Amino acid sequence: YLIAVFGRNMVGNASDGLRFFQVKISNKQAQHLPGAVINHYFSKVEMIAGLGPEDSIPRCIARVEFDDPKSLEERDALQHSFVIENILMQGDGYAYVKVKTPGTIQLMIAQEDECWVVPPTFLSSEGGFFMTIQGTSRGLKYARDNLVSLIPEKLEMRISKTISADWIAAPKLPERRHTVMRTAVEMGYYDTPRKCTQKEIAVLLGIQQGTVAEHLQYAEGIIVNSWAKQISLS
């Protein structure tokens, strides 16, 4: 199946003109694409944060899950879809890595300045490929039309008022603080019990622990104040 969910900008004000859609592609539908080989080595790959392109190839920080740590060494087999540049952190059955993603879909989106891939985006051996694409109306039309050509199957679409309403109300954070906050959430900093420390977040992002603490404190204050104001007005 191939399902697209369209909505307004997930972060920031709706008036800024940005939109997003989310696409879910089954592994069977994507078996002809280079990225299908990733499932042979990793049970799940999840995008944590985008890093911007290098030589026109998209780059990001990703969390990978695996049964065999040797999967991290399969550079040749993954050279056309998932190029690991650096292992930032490794644990039992998982790792955070800095990667290039020269797959067909990623390169197609990278060619258009008015759309880009953002979290939540992940690939799993069980659930297939789930991707969130954000951009202008023109950029999203470009992405949608090209996805239809890559996946020759009827594209089902529905407006998602729930996702749109939830995220339109979210306060806009500066880009760096947004990255730190999202990374903290993805690593389980706000889980109970916590799955990581501020120091581990700092190591992953290559910044000082004090900087992480400052960003999180600021972001938490903005989010809580925004939530309190919305509750009082509802």
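Quick caveat, the model's predicted, so the values are computed rather than measured.
Shown here for L123 and G35, the closest heavy-atom pair between the two residues is CD2-O, 4.0 Å. The two residues C60 and T101 come nearest to each other via the heavy atoms SG-CG2, 4.4 Å. Between K100 and P102, the shortest heavy-atom contact is O-CD, 3.3 Å. Contact detail for Y41 and A77: the closest heavy-atom pair is OH-CB, 3.2 Å. Between A213 and Q198 the shortest heavy-atom distance is CB-OE1, 3.2 Å. Closest non-hydrogen pair, W116 versus G135, comes out as CH2-CA, 3.9 Å.
Taken together through direct or relayed side-chain contacts under 4.5 Å among Ile, Leu, Val, Met, Phe, Trp and Tyr, V203 and I87 form parts of separate hydrophobic clusters. The hydrophobic cluster containing V37 does not contain V83, counting ILVMFWY residues as joined when their side-chain heavy atoms lie under 4.5 angstrom apart, directly or transitively. Connection of F122 to F20 is not established within any shared hydrophobic cluster, with ILVMFWY side chains joined at heavy-atom distances below 4.5 Å, either directly or through further cluster members. Placement of V45 and I57 in two distinct hydrophobic clusters is found when ILVMFWY residues are connected by side-chain heavy-atom separations under 4.5 Å, directly or transitively. Using a 4.5 Å cut-off between side-chain heavy atoms of Ile, Leu, Val, Met, Phe, Trp and Tyr, with links allowed through other members, F130 and I133 fall into different hydrophobic clusters.
Between I84 and E74 there is no side-chain heavy-atom pair separated by less than 4.5 Å. For the pair V212/T183, no side-chain contact is recorded, criterion being any heavy-atom separation below 4.5 Å from C-beta on. Side-chain contact check for I207 versus R176: some heavy-atom pair is nearer than 4.5 Å. R63 has its side chain out of reach of E186: every pair of non-hydrogen atoms, C-beta onward, lies at least 4.5 Å apart. Here the side chains of P120 and Q22 are in contact, with some heavy-atom distance below 4.5 Å. Counting only heavy atoms from C-beta outward, the side chains of I105 and F129 approach each other to under 4.5 Å.
Between E126 and K44 there is no salt bridge, since no side-chain nitrogen of the basic residue lies less than 4.0 Å from a carboxylate oxygen of the acidic one.
When atom types are taken as modelled, the side chain of T132 and the backbone of T121 share no donor-acceptor pair closer than 3.5 angstrom. A donor-acceptor pair is defined here as one N or O able to donate and one able to accept, closer than 3.5 Å; such a pair exists between the side chain of E200 and the backbone of T197. With R177 contributing its side chain and H215 its backbone, the two residues share no donor-acceptor pair below 3.5 Å. Between the side chain of E73 and the backbone N or O of K70 there is no donor-acceptor pair closer than 3.5 Å. For the pair S125 (side chain) and N39 (backbone), a donor-acceptor distance under 3.5 Å is absent.
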*Start with the C-alpha gap between F42 and L78, add the side-chain angles, then the distance that decides, and say whether side-chain contact (heavy atoms from CB on, under 4.5 Å) holds.*
CA-CA 11 Å; F42 302 110; L78 296 170; 3.8 Å; yes
*Kindly determine whether V64 and F82 satisfy side-chain contact (heavy atoms from CB on, under 4.5 Å), including the steps that lead there.*
CA-CA 11 Å; V64 296; F82 195 75; 3.8 Å; yes
*Stepwise, does the side-chain contact (heavy atoms from CB on, under 4.5 Å) test hold for Y142 with I109?*
CA-CA 8 Å; Y142 162 87; I109 295 173; 5.7 Å; no
*E85 and R59: side-chain contact (heavy atoms from CB on, under 4.5 Å), yes or no, with the steps?*
CA-CA 9 Å; E85 295 183 307; R59 298 164 62 246; 3.4 Å; yes
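R144 contributes atom CZ, which lies 8.0 Å from atom NZ of K141 (distance to the nearest 0.5 angstrom). For the atom pair CE of M187 and CZ of R182, the computed distance is 14.5 Å after rounding to the nearest 0.5 Å. Here the CG atom belonging to L150 is positioned 6.0 Å from the NE2 atom belonging to H32, to the nearest 0.5 angstrom. Distance OG1/T211 to CD1/I201: 12.5 Å, rounded to 0.5 Å. Distance check, rounded to the nearest 0.5 Å: CD1 of I61 to CG of L205 gives 5.5 Å. M131 contributes atom CE, which lies 6.5 Å from atom CD of Q106 (distance to the nearest 0.5 angstrom).
Annotation for Q90: atom CD counts as buried by contact number, over 12 foreign heavy atoms lying within 6.0 Å. Residue D67 places its CG atom among 12 or fewer non-hydrogen atoms of other residues, nucleotides or ligands, all under 6.0 Å distant.
For the side-chain contact (heavy atoms from CB on, under 4.5 Å) test with P58, the passing option among V99, V117, L107, L51 is L107; the others fail.
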